[in-house]
Amino acid sequence: MDALECLHTRNSVALLQAPAPNEDELAHILNAAMRASDHHRCRPWRFIIVRNNGRKILGKIFADVFSAEEPNADPAAVEKMAACTLRAPLIVIVVARIEHRDDVPDIEQHLSAGAATQLITLAAHALGFGAIWRTGAMAYRPAVYQALGLEPNELIVGFVYIGTAKAVKPLAQIDYREFVEFMD
């Protein structure tokens, strides 16, 4: 698929199944992320690859954090939280590593990690995989950060679920002109 076709047809895919990208395909996906726009080449990101049994470990982290916050939660809700990480055979947790610098504002580093996240979804699509960038409550919980070993200067940008699409919702046709104004 050429670059413009990839850009024009990428879509979030929520229904994913095996197979996940193999090692070579994952390398292509992560190498694409390394090309994100990046002021002063800070490379303010890192990636935690969650697959195989790691998906259950991450699900247990989510369920434990949810249970601690909601001690009276319905057991079905706790189980649903534990199972959410099984929605795809591969999850890439994108972590922004913010260095407090005078020459590169924190927000630019965070946005750069977001650009890396978008490139992960595009590269997955270019290779024929489905992907969806998710956040949700667990992306912002200090207990999740602690369980994942994140440092105080690190933030979760998102959980990118990747796999083979079971089904893809059609893309809505959006006229870009509705979002543009010109200053000539």
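Index from 1, following the sequence. As the structure is a computational prediction, the values presented were derived from the model and not from experiment.
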| said: Please check: side-chain N/O of Y145 versus main-chain N/O of I156, any donor-acceptor pairing under 3.5 Å? | reply: yes

| How many angstroms lie between atom CD1 of I162 and atom CD1 of I132, to the nearest 0.5 angstrom? | 12.0 Å

| request: For atom CZ of R35, decide whether the heavy atoms of other residues, nucleotides or ligands shown that lie under 6.0 angstrom number more than 12. | output: no

| Looking only at atom types and distance, does a side-chain atom of Q109 sit under 3.5 Å from a main-chain N or O of V104, one as donor and one as acceptor? | yes

| request: Measure the spacing between CG of L119 and CG of L30 and express it to the nearest 0.5 Å. | output: 11.5 Å

| query | Transitively linked via ILVMFWY side-chain contacts under 4.5 Å: L86 with I57? | reply | no

| said: Ignoring hydrogens, what is the shortest heavy-atom contact between T85 and R55? Give both atom names and the distance. | reply: OG1-O, 2.6 Å

| request: Please check if atom NE2 in H28 has more than 12 non-hydrogen atoms from other residues, nucleotides or ligands closer than 6.0 Å. | output: no

| task | Can you see which heavy atom on V78 is nearest to which on A63, and at what distance? | result | O-CB, 3.8 Å

| task | Report yes if the distance between the aromatic ring centroids of F62 and F159 is under 6.0 Å, otherwise no. | result | yes

| Can any side-chain N or O of N153 pair as donor or acceptor with the backbone N or O of I98 at less than 3.5 Å? | yes

| task | Could you tell me whether a side-chain N or O of D2 sits under 3.5 Å from a main-chain N or O of L4, the two making a donor and an acceptor? | result | yes

| message | Could you report the tightest heavy-atom contact between P21 and L90, atom names first, then the distance? | response | CD-CD2, 3.8 Å

| query | Should L148 and L58 count as side-chain neighbours, where that means a heavy-atom distance under 4.5 Å? | reply | yes

| request: Please check if F66 and I91 belong to a single hydrophobic cluster, counting links between Ile, Leu, Val, Met, Phe, Trp and Tyr side chain heavy atoms closer than 4.5 Å. | output: yes

| Can you name the nearest heavy-atom pair linking D38 to R43, along with the distance? | OD2-N, 2.8 Å

| note | Heavy-atom nearest pair, W45 first then A33, reads CZ2-O, 3.9 Å

| field | Donor-acceptor under 3.5 Å (E154 side chain, E151 main chain) | value | yes

| request: May I ask you to decide if M138's main-chain N or O and R141's side chain share a donor-acceptor pair within less than 3.5 Å? | output: no

| message | Could you go through T9 and H125, starting from their C-alpha distance and side-chain angles, then the distance that decides it, and tell me whether this counts as side chain to side chain donor-acceptor pair (under 3.5 Å)? | response | CA-CA 9 Å; T9 61; H125 176 59; 2.7 Å; yes

| Between SG of C42 and CZ of R101, what distance do you get to the nearest 0.5 Å? | 3.5 Å

| Can you check salt bridge (charged side-chain N to carboxylate O under 4.0 Å, His left out) on E23 and R51, steps first, answer last? | CA-CA 12 Å; E23 294 302 317; R51 56 187 176 188; 2.6 Å; yes

| field | same_hphob_cluster(M1, V168) at 4.5 Å side-chain heavy-atom cutoff | value | no

| Is the count of non-hydrogen atoms from other residues, nucleotides or ligands lying under 6.0 Å from Q17 atom CD greater than 12? | yes

| Do the side chains of V94 and Y140 join up, straight or via other hydrophobic residues, at under 4.5 Å, putting them in one cluster? | no

| said: Are V160 and L16 linked, directly or through intermediate hydrophobic residues, by side-chain heavy-atom contacts shorter than 4.5 Å (ILVMFWY only)? | reply: no

| said: Is it the case that the side chain of S112 and the backbone of S37 share a donor-acceptor pair, with hydrogens and angles ignored and the cut-off at 3.5 Å? | reply: yes

| said: Do V157 and Q118 make a side-chain contact, defined as non-hydrogen atoms from C-beta onward lying under 4.5 Å apart? | reply: no

| side chain to side chain contact (heavy atoms under 4.5 Å, CB included) between V50 and V92: does it pass, once the steps are laid out? | CA-CA 6 Å; V50 182; V92 179; over 6 Å; no

| message | One pair to check against side chain to side chain contact (heavy atoms under 4.5 Å, CB included): L127 and I29. What are the steps and the verdict? | response | CA-CA 9 Å; L127 291 169; I29 290 167; 3.8 Å; yes

| note | On a heavy-atom basis, the closest approach of A20 and E25 is O-OE1, 4.3 Å

| task | State the OG1-CH2 distance between T121 and W133, to the nearest 0.5 angstrom. | result | 7.5 Å

| Would L155 and D106 count as a side chain to side chain contact (heavy atoms under 4.5 Å, CB included) if you check the C-alpha gap in whole Å, the side-chain angles of each, and the deciding distance to 0.1 Å? | CA-CA 11 Å; L155 303 164; D106 292 3; over 6 Å; no

